[in-house]
Amino acid sequence: METMEIDSPTPSSGEETKAIVVILMGLPGSGKSTFCDHVMRSSSRPWARICQNMLLQVFDEMSQRVSSDLVGFITLLRLFDLSLTLLHHDTINNGKSGTKLQCLSSATSALKEGKSVLIDRCNINKEQRVDFLKLGGTKVEKHAVVLDFPAKLCISRSVKRTGHEGNLQGGKAAAVVNQMVPKKELPKLTEGFARITFCQDEKDVKESINVYGLLGPLDSLPSGCFGNKNSDTKTQLGIMKFLKKVEPSSNAGSEPTISQKLIPNEISPGKDSGLQGTKKASDLTGVAHKKLEEAAAASDNIPTLAFPSISTSDFQFNLEKASDIIVEKVEEFVGKIGKAKLVLVDLSHKSKILSLVKTKAEQKNIDSHKFSTFVGDITRLRSQKGLHCNVIANAANWRLKPGGSELDIATKEKADCLSPGNALVVPLPSSSPLFTREGVTHVIHVLGPNMNPQRPDCLKDDYVHGSELLRKAYTSLFEGFSSIVKSGTEVHSTNDDHKLKREAAYEFDMNKKYKGCEKDPQPGLSDFRDVRKIPDEKVSLETTKTWGSWAQALYNIAMHPENHTNVVLETLDDVVVMNDAYPKAKRHILVLARANGLDSIADVHREHISLLKSMHDVGFKWAQKFLNEDKSLSFFRLGYHSAPSMRQLHLHVISQDFDSGHLKNKKHWNSFNTPFFIDSVDVIKELDEVGKVTLKNDKFLSMELRCHRCKSVHPNVPRLKAHISSCQASFPAALLQNGRLVSSEDNTNFCE
DNA sequence: GTTCTAGAAC
DNA sequence: GTTCTAGAAC
């Protein structure tokens with residue numbers, strides 16, 4: 001162990017030394033112990049590793065919530081059992097294990113001896129970390145190192161380390177990890193950390209080991225957040241893909257990500273400056289702090305959306321009417337977006353729409369801190385006017401000015417298929433000037449209605465329809481912004497993986513299909529969806545076929561059930577019942593609507609409630625019939641796919657065994673076991689209350705594979721299927737409510 | 001070598 | 001929606 005410099009405080013006066021407490025955070029199997037080992041092995045600084053083994057952590061946690069129910073008790077026993085099998089791993093010779101209290105006391109002693117401390121326990125949420133943040137008082141810096149790997153990976157690692165004795169243990173390791181996943185809560189500077197390092201791949205971990213391993217007894221590290229954080233399991237797949245594609249060069253030069261500065265209280269000076277060698281690190285501390293302060297002062301950390309008035313220029317929407325709608329929608333949304341702000345932007349001081357909106361907003365007493373009007377070029381608000389807006393809206397009928405070309409590259413594919421009233425959120429690549437120069441992290445493309453006879457799809461003077469579409473456009477826009485705000489202004493990787501960007505783009509679209517001002521589609525055209533394409537220069541109409549020829553089968557059956565007696569089970573006036581050609585469970589049937597023009601749930605409105613109720617009743621009746629015939633089926637669900645592959649509105653009635661050779665991939669599973677599947681009862685309720693159905697994004701289709709009963713995560717479809725064949729856990733509470741799950745005892749949820 | 005995924009074609 | 005298949009993962 002190194003001796004202290006002469007001018008340094010003596011080790012016994014622990015509070016005066018530069019000791020730090022590094023709180024590791026990660027699921028079992030994320031590599032916390034390995035991290036500690038490496039740091040301690042290479043460090044000249046005295047370290048103590050405080051390790052609380054899994055067993056006691058689990059008990060600690062369980063004892064914090066007095067769980068009297070049987071399930072809790074059984075889980076406890078299971079975890080206890082597993083913990084014994086993991087014990088050998090997480091307790092090493094010089095690690096100190098015990099209860100959380102013992103950990104705290106060991107850590108306190110170590111600090112008094114002048115040692116820095118590594119807290120090697122999962123520390124998965126704020127509650128678990130809070131006591132460790134008090135260690136050594138305010139003079140001891142607390143750091144967090146987050147080993148943020150997907151649950152799937154941690155499970156497979158845990159399985160391996162316990163694994164040689166067979167699958168059983170692996171399964172239990174999965175149970176423990178799964179138990180923790182929902183509780184995961186990433187650390188924030190506001191909890192009291194001086195520095196947080198997020199690691200998402202081995203390279204990040206290695207860099208972080210170097211940083212701490214090379215930290216001499218008197219060195220300190222810059223404060224702030226380092227590395228990218230992945231807030232949510234939903235992006236894990238994308239991250240995993242991304243990690244595989246990272247070029248060594250692109251990682252070596254990770255740039256400061258401006259978007260990180262947008263996270264309130266979490267200002268990052270960027271990875272590089274944070275991961276310098278030790279000697280430089282201490283020199284840099286002062287500079288880094290200064291930069292941080294500057295950044296904090298310069299950037300208003302409140303998420304802000306700058307948006308132009310939609311449809312009022314080239315599309316000639318009446319300004320009075322438009323301003324009413326803007327104010328109405330702004331008023332509706334200011335209450336829904338927390339601290340975030342909305343700014344209506346126009347180029348000229350003479351802008352009529354700006355003054356109209358301004359006056360009306362004042363009349364309505366809309367909080368001027370949350371909504372304002374602003375004159376400027378929306379693509380240069382920060383560089384020219386010092387107004388920092390992290391999200392800007394692009395009314396999709398006009399081009400973002402020169403410099404917008406880079407935007408086109410990133411967003412073209414998606415923005416091309418916007419229909420009026422809808423919006424598309426596109427995260428910007430970090431290479432984009434809008435990102436680097438203006439600090440814009442997302443662009444939301446939005447298309448409004450056209451009232452200009454010189455432009456395609458003119459609504460003429462139909463302001464009933466026009467106003468409806470303009471309201472919808474603002475709703476889509478603000479909902480898109482709201483989702484960005486809620487996602488915590490996610491930090492996007494600096495990697496220019498367009499596929500990743502494409503996956504990240506999502507559409508705010510309550511009704512994908514646009515039925516324009518033209519007369520109803522001719523029968524021959526009814527096979528096609530009307531999708532307007534917006535080329536770079538001008539708006540033009542282009543009819544794009546989106547239902548492939550293979551997607552017509554249900555439509556044909558609904559129209560002519562008499563020609564398909566081999567699959568049709570029942571034909572009624574308004575519905576046809578048929579066997580699914582590729583059943584994903586022992587029993588899987590479809591109830592088709594016979595109405596022409598109802599392609600999917602997106603086309604359904606309040607007037608279709610009675611049809612949907614009768615579809616539900618017919619489906620329910622068949623489910624009961626199947627349950628009576630075969631008690632082992634136990635449960636059914638009735639619901640719709642948010643974005644079905646096959647045309648013609650159809651209700652799935654499916655037994656919950658999912659025991660079928662046709663269930664082959666992630667999409668199959670997730671289309672029935674994520675919010676992509678909307679229960680029939682919820683559809684009817686929402687239609688009744690709101691008049692439309694909120695569709696779920698198809699990102700759910702690529703989410704990790706979770707058991708529909710116990711919610712455990714599984715690495716691939718075969719493993720998932722093996723698990724569900726024996727999982728007897730009760731269904732999640734939400735499914736047991738409101739008649740979502742139909743069982744043989746249940747004969748009460750007919751729709752009246 | 002085998003298993004599994006995911007994208008293209010239909 | 002499925003099938004086919006390259007190539008990644010194991």
Side-chain angles (χ1 to χ4, degrees), chain A residues 29 149-161 163-164 166-167 170 173-174 201-202 235-247 413 497-504 527-529 544-558 564 566-568 576 578-585 588-593 599-602 639-654 658 660-673 676-677 698-706 713-724:
Chain A
F149 295 110
K152 194 169 135 179
L153 184 65
C154 298
I155 290 171
S156 84
R157 284 180 180 174
S158 298
V159 168
K160 274 179 195 153
R161 69 185 189 188
H164 53 276
N167 280 336
D201 61 5
E202 290 305 333
T235 50
Q236 283 177 355
L237 185 85
I239 291 293
M240 288 306 280
K241 275 190 202 158
F242 160 71
L243 292 178
K244 286 170 200 159
K245 287 172 187 166
V246 170
E247 299 292 328
E413 301 165 49
D497 186 333
H498 282 259
K499 279 189 178 162
L500 191 65
K501 297 291 180 242
R502 223 171 28 238
E503 281 165 9
D527 286 4
F528 302 91
R529 285 192 159 216
T544 310
K545 178 181 164 182
T546 53
W547 295 113
S549 56
W550 44 262
Q552 306 296 332
L554 300 182
Y555 172 80
N556 294 333
I557 295 170
H564 302 88
N566 52 333
V567 289
V568 170
V576 170
M578 62 176 284
N579 276 313
D580 191 295
Y582 299 89
K584 303 298 185 292
H588 181 186
I589 62 167
L590 305 176
V591 181
L592 310 182
D599 284 346
S600 78
I601 200 72
Y640 299 86
H641 284 159
S642 284
S645 300
M646 306 283 279
R647 178 183 171 213
Q648 192 64 15
L649 181 67
H650 55 281
L651 171 71
H652 289 270
V653 177
I654 184 166
F658 294 106
S660 162
H662 294 294
L663 200 161
K664 292 175 176 169
N665 58 44
K666 187 176 266 189
K667 185 176 172 182
H668 291 155
W669 177 257
N670 283 337
S671 69
F672 290 100
N673 292 290
F676 184 87
F677 184 88
D698 60 6
K699 74 184 175 207
F700 286 110
L701 295 177
S702 53
M703 273 171 63
E704 56 196 351
L705 296 163
R706 278 183 186 275
V713 181
H714 299 269
N716 56 47
V717 174
R719 294 271 286 274
L720 170 78
K721 291 179 81 171
H723 167 83
I724 58 171

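Here is the naming used below: chain letters follow the sequence lines, and residue numbers restart at 1 for every chain. Here the structure is a predicted model, which is why all the values come from computation and not from measurement.
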If you define the side chain from C-beta out and look only at heavy atoms, does anything of A:Ser660 sit under 4.5 Å from A:His588? no
Would you check if A:Arg706 and A:Asn673 make a side-chain contact, meaning some heavy-atom pair closer than 4.5 Å? no
Separation of A:Asn670 atom CG from B:dT5 atom P, in whole Å? 12 Å
Could you run down the sub-3.5 Å N/O contacts of the protein with nucleotides 1-4 of chain C?
residue	atom	partner	partner atom	Å
C:dG1	OP1	A:Ser645	N	2.7
C:dG1	OP1	A:Ser645	OG	3.4
C:dG1	OP2	A:His641	ND1	3.4
C:dT2	OP1	A:Lys584	NZ	2.8
C:dT2	OP2	A:His668	NE2	2.6
C:dT3	OP2	A:Lys664	NZ	3.1

Partner set under ring-ring contact (aromatic ring centres under 6.0 Å, His included) for A:Phe677, not counting sequence neighbours: A:Phe672
Tell me, do A:Met578 and A:Leu554 make a side-chain contact under 4.5 Å, heavy atoms counted? yes
Would you check if the side chain of A:Asp698 reaches a backbone N or O of A:Leu701 as a donor-acceptor pair within less than 3.5 Å? no
For A:His714 and B:dT5, give me the distance from atom NE2 to atom P, rounded to whole Å. 13 Å
Nearest whole angstrom, please: distance from the C1' of B:dA6 to the CG of A:Asp698. 15 Å
